[in-house]
Amino acid sequence: MLTRHTAGKSKVSQQRGLHRSRARVVVVCAAANAPQITAAKADVEALIRNTHSNPILIRLGWHDAGTHNKNISEWPKSGGATGSIRLSPEIGHGANAGLQGALDLIEPIKQKHPAVSYADLYQMASALGVELAGGPKLEMRYGRVDVNDPAECAPEGNLPGERVKNEINFMLLALQGFRAPFSSVHATYDAAAGSSSVSRAAEQV
């Protein structure tokens, strides 16, 4: 049972909790832990502000969710935002080159808030990455369930590796379009090393 908060009032709902903050709508399903979701969100926001890691966290959420196959109805075979990107062999797929760094950024937050799934954290970080760059506040639903068996990872090929560089460039252009203070942010992709990085001034993420 979770609590619904709207305009300073509270109402008990046995199905879900709805938390509104100005333009942002956050729906917490019964499977999620509302207090830990709120605390994790504060920590992710602090992480992004301190490391300027918006682009790589946006890419992390994108690549975890982007494996969804609409032609498969059975979970978790259908892929999607299941947190499976943290598992081998999926993190080793060509399209995910460089994303181990993003996983490492999120891991301490997961350890601090164990009731929040990896799948929720990755989508949370991606949405906050957009918002904190000056983009829209995205409606979010929490309560995703993690995949924990490597055998249930999405097959390679759903996110072609050769598109990685173009994806990074696209995200940076999008962030610039939000008129955010990212003029000194740039991404580098080392195809030989199979890694990518996002930096601002002397900081490396």
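- Of all heavy-atom pairs spanning Gln123 and Ala65, the tightest one is NE2-CB, 3.9 Å.
- Remark: Gln36 engages no residue in a side-chain hydrogen bond (donor to acceptor under 3.5 Å, both in side chains) (not counting sequence neighbours).
- At distances below 3.5 Å, not a single donor-acceptor pair connects side-chain atoms of Lys110 with backbone N or O atoms of Leu121.
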Residue pair Asn54, Arg49: steps toward the side-chain hydrogen bond (donor to acceptor under 3.5 Å, both in side chains) verdict:
CA-CA 9 Å; Asn54 310 55; Arg49 292 189 185 281; over 6 Å; no
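- Note: Gln100 CD to Leu103 CG = 5.0 Å, rounded to the nearest 0.5 Å.
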Passes side chain to side chain contact (heavy atoms under 4.5 Å, CB included), Tyr122 versus Arg86? Steps please.
CA-CA 10 Å; Tyr122 298 158; Arg86 76 191 192 281; 3.4 Å; yes
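- Between Leu128 and Leu47, every side-chain heavy-atom pair lies at or beyond the 4.5 Å cut-off.
- Going from atom OG1 of Thr38 over to atom CG of Asp43 covers 11.5 Å, rounded to the nearest 0.5 Å.
- Here the closest non-hydrogen pair linking Ser126 and Gly61 is CB-CA, 3.8 Å.
- Side chains of Tyr118 and Glu107: a donor on one and an acceptor on the other come within 3.5 Å.
- For the pair Asp64 (side chain) and Gly83 (backbone), a donor-acceptor distance under 3.5 Å is present.
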Output, in order, the C-alpha distance, side-chain angles, deciding distance and verdict of side chain to side chain contact (heavy atoms under 4.5 Å, CB included) for Thr67 and His63.
CA-CA 7 Å; Thr67 59; His63 280 223; over 6 Å; no
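- Between Cys153 and Leu87 the shortest side-chain heavy-atom distance falls below 4.5 Å.
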What do the steps show when you test Ile85 against Leu60 for side chain to side chain contact (heavy atoms under 4.5 Å, CB included), and what is the final call?
CA-CA 8 Å; Ile85 195 170; Leu60 175 64; 3.9 Å; yes
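- Residue Gly98 comes nearest to Arg59 through the heavy atom pair C-NH1, 4.4 Å, listed as atom of the first residue, atom of the second, then distance.
- Side-chain atoms of Glu90 come within 3.5 Å of backbone atoms of Ala154 as a donor-acceptor pair (strictly under, hydrogens ignored).
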Between Ile109 and Lys112, does the side chain to side chain contact (heavy atoms under 4.5 Å, CB included) criterion hold? Intermediate values first, please.
CA-CA 5 Å; Ile109 298 175; Lys112 186 176 178 182; 5.6 Å; no
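- Considering CG of Asp104 and CD1 of Ile106, their distance stands at 10.5 Å, rounded to 0.5 Å.
- When all heavy atoms are compared, the tightest approach of Lys70 to His68 is CA-NE2, 3.6 Å.
- Applying the salt bridge (charged side-chain N to carboxylate O under 4.0 Å, His left out) criterion to Asp146, with sequence neighbours excluded, gives no partner residue.
- The minimum heavy-atom distance between Gly94 and Glu156, with the atom names listed, is N-OE2, 3.0 Å.
- In plain terms, the two heavy atoms of Gly143 and Asp120 that are nearest each other are N-OD2, 2.8 Å.
- Here the straight-line distance linking atom CG of Asn69 with atom CD1 of Ile72 works out to 4.0 Å at 0.5 Å rounding.
- Annotation: side-chain hydrogen bond (donor to acceptor under 3.5 Å, both in side chains) contacts involving residues 72-83, sequence neighbours excluded, comprise Thr82-Ser84.
- No side-chain heavy atom of Lys41 sits under 4.5 Å from any side-chain heavy atom of Val44.
- Expressed to the nearest 0.5 Å, how far CD of Glu152 lies from CG of Asp149 amounts to 4.5 Å.
- Atom-to-atom distance recorded for Met124:CE and Glu45:CD is 11.0 Å, nearest 0.5 angstrom.
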